[in-house]
Amino acid sequence: MRIATWNVNSVTARLPRLVEWLGRAGPDVVCLQETKVGAGEFPAGAVAPLGYAVAEHGEGRWNGVAVLSRVGLADVSRGMPGEPGFPDARTVEARTLAVTCGPVRVRCVYVPNGRSPGDPHYQYKLRWLAALADAVAAEAAASLPFAVMGDFNVAPADADVWDPAAFEGATHVTPAERAALRRLQKAGLRDLVPRIAKGPRPFTYWDYRAGAFHKGMGMRIDLVLANAALAAAVTDAFVDREARKGTAPSDHAPVVVDLALPS
DNA sequence: ATGCCTTTCCCAGAAAGA
């Protein structure tokens, strides 16, 4: 079976590209981030003809996550235990949901951006990642194949950005963010690094401006973190760069993982 | 890249993204 994650930067704006990509790539399970539609507003009717059921967690203008599956949807869990909000606990955002799809369980995540290391949003990001580590510990230890996948807004290593010098003083590369990511992985989750397609690293995000995509100025911030049962079944992992080309693309490309599991 | 694009709110420009 084939699973994937893609930050679409508005499912409304990206719907033609999403439908085209579903038809071309044929994933069985897709985690989407930044859907930017409210609860119940996901265009499920546009993906139903392709065989996909939708579990969505949305709030409106910002954020929003969804899981599309054509191999079943069960045990939908929106949000996570102990999830912090921004600016405070009264305003928890739509950033994660977990779903069981046939033989696998996936947790779709859209980690807070952090804005800048001195910003309250950065502390929120670290708190959110800490809560995520606690929330997935039990699922990661299970015998059921499980993955936390989505837009982590953290580049795991310096090699995961096009120019480390350009990120001095910026978020996504700080030691605290990377430590939070490592703590999450300590639950037994392995970073399924996609194979190289072009350039030195399998980047997943490129800024819209200044031709960043064509200049190779990217980052690897969209990750699939898999438990042992899922990692053992991986036959391929790659970035679908075609989805970043052409008319009106998202600024992220999908990460696709193939598994030797019955779908 | 100190947001040079894009999307949302909704019709003007601010907020947010990474």
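Throughout, a chain's letter reflects where its sequence line sits, starting with A, and its residues are numbered from 1. Only heavy atoms go into these numbers, but all of them, side chains included; no hydrogens, no water, no symmetry mates.
With sequence neighbours excluded, the residues forming a ring-ring contact (aromatic ring centres under 6.0 Å, His included) with A/Tyr205 are A/His252, listed by chain and number.
Per the geometry, CD1 belonging to A/Ile221 stands 14 Å off C1' belonging to B/dA1, to the nearest Å. Atom CG of A/Asp119 and atom P of B/dG3 are 13 Å apart (whole Å). For A/Glu34 and B/dT8, the CD to P distance is 11 Å, given to the nearest whole Å. Between the CG atom of A/Asn9 and the P atom of B/dT7 there is a distance of 6 Å, given to the nearest Å. Per the geometry, CH2 belonging to A/Trp206 stands 17 Å off C1' belonging to B/dG17, to the nearest Å. Nucleotide B/dA1 holds its P atom 15 Å from the CE atom of A/Met219, rounded to whole Å. Computed from coordinates, the A/Leu15 CG to B/dT7 C1' distance equals 15 Å when rounded to whole Å. Rounded to whole Å, the distance from CE on A/Met217 to P on B/dC4 is 14 Å.
When the C1' atom is compared between B/dT7 and B/dA12, the two are found 15 Å apart, to the nearest whole Å. Comparing the C1' positions of B/dC4 and B/dG17 gives an interatomic distance of 15 Å, to the nearest angstrom. To the nearest whole angstrom, the two C1' atoms, one in B/dT6 and one in B/dA1, are 15 Å apart. Taking atom P on both B/dG3 and B/dA14, the two are 15 Å apart, rounded to the nearest angstrom. Rounded to whole Å, the separation between the P atoms of B/dC10 and B/dA15 comes to 15 Å.
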How would you summarise protein contacts on nucleotides 9-16 of chain B per nucleotide, using B for base, S for sugar-phosphate only and - for none, with heavy-atom distances below 4.0 Å? B----BBS
Under 3.5 Å, sequence neighbours excluded: what are the donor-acceptor pairs made by side chains of residues 186-194 of chain A?
{"residue": "A/Asp191", "atom": "OD1", "partner": "A/Arg220", "partner atom": "NH1", "Å": "3.1"}
{"residue": "A/Asp191", "atom": "OD2", "partner": "A/Arg220", "partner atom": "NH1", "Å": "3.4"}
{"residue": "A/Asp191", "atom": "OD2", "partner": "A/Arg220", "partner atom": "NH2", "Å": "2.8"}

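Between the side chain of A/Asp207 and the base of B/dG3, a donor-acceptor pair under 3.5 Å is found.
Non-hydrogen atoms lying under 4.0 Å from DNA chain B are contributed by A/Asp151, A/Asn153, all within residues 151-163 of chain A.
Side-chain atoms of A/Trp62 and A/Glu93 form no donor-acceptor pair, as typed in the model, at a separation below 3.5 Å. Using modelled atom types and a 3.5 Å distance limit, the side chains of A/Asp88 and A/Tyr124 yield no donor-acceptor pair. Between the side chains of A/Ser250 and A/Asn9, no donor-acceptor pair is found at a separation under 3.5 Å. One side chain, A/Thr5 or A/Gln33, offers a donor N or O that lies under 3.5 Å from an acceptor on the other.
No donor-acceptor pair closer than 3.5 Å links the side chain of A/Thr235 to the backbone N or O of A/Ala260.
Among the atoms of the strands shown, only primed sugar atoms or phosphate atoms (P, OP1, OP2) are found under 4.0 Å from some heavy atom of A/Tyr110. Residue contacts shown for A/Thr171 are absent, as no nucleic acid heavy atom lies under 4.0 Å away.
Both A/Val111 and A/Pro249 sit near DNA chain B, but only A/Pro249 has its closest nucleotide nearer the 5' end. Each of A/Asn63 and A/Thr12 was matched to the nucleotide of DNA chain B holding its nearest heavy atom; the match closer to the 5' end belongs to A/Thr12.
Between A/Arg209 and B/dG17 there is no side-chain N or O to OP1 or OP2 distance below 4.0 Å.
Residue A/Leu126 shares its hydrophobic cluster (ILVMFWY side chains chained together at separations under 4.5 Å) with A/Tyr122. Alongside A/Leu18, the hydrophobic cluster contains A/Trp6, A/Val8, A/Val11, A/Leu15, A/Val19, A/Trp21, A/Leu22, A/Val30, A/Leu32, A/Val37, A/Phe42, A/Val47, A/Leu50, A/Tyr52, A/Val54, A/Leu68, A/Phe238, A/Val256 (criterion: ILVMFWY side chains under 4.5 Å).
Aromatic pair A/Phe86/A/His121: centroids less than 6.0 angstrom apart.
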